[in-house]
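Worth saying up front: this structure is predicted, and the values here are computed from it rather than measured.
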Protein chains: 2
Amino acid sequence: MSFVKTGGSVVSPVGGIQARQASVDKIKLTGHIGGMARASMKQQIIDAGLAELHARGYAACSVEDITKAAGVPKGSFYNHFASKEEFAVDVVRRYFEVSGWPTSFETTSAIGRLRAGFEALYAGAQERSFSRGCMWGNLANEVADHSNAIRGQLAEGLDAWSAIVTELVAQAQRNGEISSAGDPAQLGRFIVNAWEGALTRSRVVRNGQPMDDFFRMVFDLLLAGDATG
Amino acid sequence: MSFVKTGGSVVSPVGGIQARQASVDKIKLTGHIGGMARASMKQQIIDAGLAELHARGYAACSVEDITKAAGVPKGSFYNHFASKEEFAVDVVRRYFEVSGWPTSFETTSAIGRLRAGFEALYAGAQERSFSRGCMWGNLANEVADHSNAIRGQLAEGLDAWSAIVTELVAQAQRNGEISSAGDPAQLGRFIVNAWEGALTRSRVVRNGQPMDDFFRMVFDLLLAGDATG
DNA sequence: AATGACAAGATGACCAGTCATATTGAGGGT
DNA sequence: ACCCTCAATATGACTGGTCATCTTGTCATT
């Protein structure tokens with residue numbers, strides 16, 4: 001699994017997905033598709049479903065909601081997915097695929113890039129009035145006990161995401177940008193988890209205070225070791 | 001809202017609830033209740049429902065599941081609660097009421113008590129093979145966007161819980177037990193959020209690593225300011 | 001004609017909430 | 001003390017809606 005580098009926001013990955021990309025290897029060419037090949041329907045469903053799943057949650061998001069959002073007939077759903085669960089596994093995979101870390105920032109410092117990435121996530125959450133929470137946290141809490149397939153996919157994606165944060169932390173340490181000498185892998189995991197917790201809290205309080213707390217605690221105190229308070 | 005001091009675990013509050021307590025002011029006395037007054041049916045439903053909600057989540061836990069767990073007839077549910085939503089509000093209130101911070105520990109240091117409290121939570125999660133996650137996080141993620149009533153109750157309870165952590169952090173600072181001079185209120189909120197994030201991750205990975213990360217990052221690095229890594 | 005893809009609507013399970021009926025004790029009359 | 005009436009409460013079967021999944025008819029291609 002690799003992270004696709006995009007300039008977009010992780011919280012709002014769909015924006016970049018609307019871009020048409022022909023996946024010829026995925027197209028089921030049949031006689032009733034005339035003219036130029038179009039985007040794969042399966043991919044269309046996944047991408048539209050990603051937004052819907054994130055907005056509504058698993059149980060509250062019906063197959064009809066998904067297909068309607070994708071602009072495809074409801075009956076086609078099961079031509080592409082054996083079940084709603086299998087669909088969600090594909091969505092999770094897709095979520096982590098399209099999630100990326102912003103690279104087009106002015107700063108070249110590792111810590112600056114780490115911070116900018118979370119700030120982009122923050123901006124995305126703010127756009128949605130803090131109503132979405134964190135995709136992985138949402139699914140984990142709602143489905144992890146009921147679907148090993150989804151849980152497995154979440155675990156995979158989280159490991160990869162944590163690895164990105166870990167690498168940035170390690171770089172920041174090597175570059176002397178932060179004073180924390182904590183284990184980078186542990187920091188990476190903790191930071192991703194704490195971010196989920198902040199997003200979840202923000203759903204309750206409907207403001208950005210939890211993220212402000214996160215930035216202050218993680219970047220100023222934990223990583224920079226600012227003990228002045 | 002006040003926290004009831006118990007020696008129990010927050011993750012498993014139900015254990016203490018099975019104790020019979022007559023709530024005479026809650027009893028709907030009708031002619032067909034003979035003999036000695038018994039525990040309120042409403043309270044019974046709330047307490048049993050708390051465990052069920054935590055185990056299954058909101059949507060996956062039906063009213064029938066709840067009443068069955070409470071050992072009461074399904075039709076009685078609506079004598080006590082106008083709706084499933086209202087029931088959940090009462091459950092959340094109850095959850096925070098019965099949640100407490102362990103007081104019966106050997107250490108008298110504030111930081112020791114804070115740590116012991118989270119360790120008790122950890123033990124509870126471990127008992128359940130990390131399958132339950134965090135009650136407030138679960139509900140927030142599943143329901144916060146759909147029910148303002150539940151969300152409001154969650155906000156209230158979280159504020160109170162954060163206040164407890166805040167107070168312990170402040171005491172630890174005053175006592176010179178920790179080197180962090182961070183804002184106690186901010187630390188209190190962040191720590192509660194980070195804990196939720198850790199529990200959520202533990203649901204995915206099905207082990208205690210996220211909590212270990214939490215303890216290391218929060219107690220050793222963030223609060224104690226141990227920069228040696 | 002045979003085959004495979006597509007998809008609208010049928011199917012059966014689930015479930016929040018309703019309600020007709022049952023139950024019961026209080027109060028009053030004898 | 002006993003009986004009857006009535007009102008309040010209890011409750012299990014039912015209702016109507018939702019929804020994941022499947023069926024089956026249509027269509028296009030070979």
Side-chain angles (χ1 to χ4, degrees), chain A residues 24-35 37-46 48-49 52-53 55-91 139 142-143 146-147 149-150, chain B residues 23-46 48-49 52-53 56-91 142-143 146-147 149-150:
Chain A
V24 181
D25 57 340
K26 296 263 179 101
I27 295 179
K28 297 175 177 177
L29 288 173
T30 63
H32 61 262
I33 299 193
R38 59 174 184 165
S40 152
M41 185 184 288
K42 179 172 183 175
Q43 201 56 47
Q44 211 170 340
I45 297 173
I46 291 175
E52 289 299 304
L53 260 196
R56 296 164 184 260
Y58 187 80
C61 176
S62 68
V63 168
E64 182 160 9
D65 291 333
I66 292 160
T67 51
K68 202 171 284 182
V72 304
K74 177 163 175 286
S76 301
F77 186 86
Y78 293 96
N79 290 338
H80 304 285
F81 308 99
S83 64
K84 188 177 176 185
E85 175 184 20
E86 179 182 300
F87 158 77
V89 170
D90 283 356
V91 166
L139 278 185
E142 199 182 341
V143 181
H146 304 117
S147 164
I150 297 177
Chain B
S23 307
V24 181
D25 58 329
K26 295 267 176 97
I27 294 179
K28 296 177 179 177
L29 288 174
T30 62
H32 60 269
I33 300 196
M36 178 174 296
R38 60 173 184 167
S40 154
M41 185 184 286
K42 180 173 183 177
Q43 201 56 46
Q44 210 171 341
I45 297 174
I46 290 174
E52 290 299 304
L53 260 195
R56 296 162 185 261
Y58 188 79
C61 176
S62 69
V63 167
E64 181 159 10
D65 291 333
I66 292 159
T67 50
K68 204 171 283 182
V72 303
K74 175 165 176 288
S76 301
F77 185 86
Y78 295 95
N79 287 340
H80 303 285
F81 309 99
S83 65
K84 188 177 174 183
E85 176 184 19
E86 180 181 302
F87 158 77
V89 171
D90 283 355
V91 166
E142 199 182 341
V143 180
H146 302 119
S147 165
I150 296 176

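The distance from atom NZ of Lys84(A) to atom P of dC22(D) is 15 Å, rounded to the nearest whole Å. For the pair Gln44(A) CD and dA7(C) P, the interatomic distance rounds to 11 Å; values are reported in whole Å. Regarding Ile66(B), its CD1 atom lies at a distance of 7 Å from the P atom of dA16(C), rounded to whole Å. When rounded to the nearest whole Å, the span between CE of Met41(B) and C1' of dT9(D) equals 10 Å. Here dC6(C) presents its P atom at 10 Å from CD1 of Ile45(A), a figure rounded to the nearest Å. We find that CG of Asn79(B) is positioned 6 Å from C1' of dA10(D), with the value rounded to whole Å. Atom CG of Asp65(A) is separated from atom C1' of dT18(D) by 11 Å (rounded to the nearest Å). Protein atom CD of Glu64(B) is 13 Å distant from nucleotide atom C1' of dA13(C), rounded to whole Å.
In terms of position on DNA chain D, the residue among Tyr78(A) and Phe77(B) whose nearest nucleotide sits closer to the 5' end is Phe77(B).
Listed nucleotides: dT21(D), dA16(C), dG17(C). Nearest to the side chain of Ser83(B): dG17(C). Each of dC15(C), dG17(C), dG12(D) was ranked by its minimum atom distance to the side chain of Pro73(B); first place goes to dG12(D). The side chain of Ser76(A) has dC6(C) as its nearest neighbour among dA16(C), dT11(D), dC6(C).
Screening Glu142(B), Glu85(B), Glu86(B) for a side chain to side chain donor-acceptor pair (under 3.5 Å) involving Ser147(B) leaves a single residue, Glu85(B).
No side-chain heavy atom of Thr67(A) sits less than 4.5 Å from a side-chain heavy atom of Ser76(A). Side chains of Ile45(A) and Phe81(A) form a contact here, defined as non-hydrogen atoms less than 4.5 Å apart.
Remark: the Lys74(A) side chain and the dT21(D) base include a donor-acceptor N/O pair separated by less than 3.5 Å.
A donor-acceptor pair is defined here as one N or O able to donate and one able to accept, closer than 3.5 Å; such a pair exists between the side chain of Lys84(A) and the backbone of Tyr58(A).
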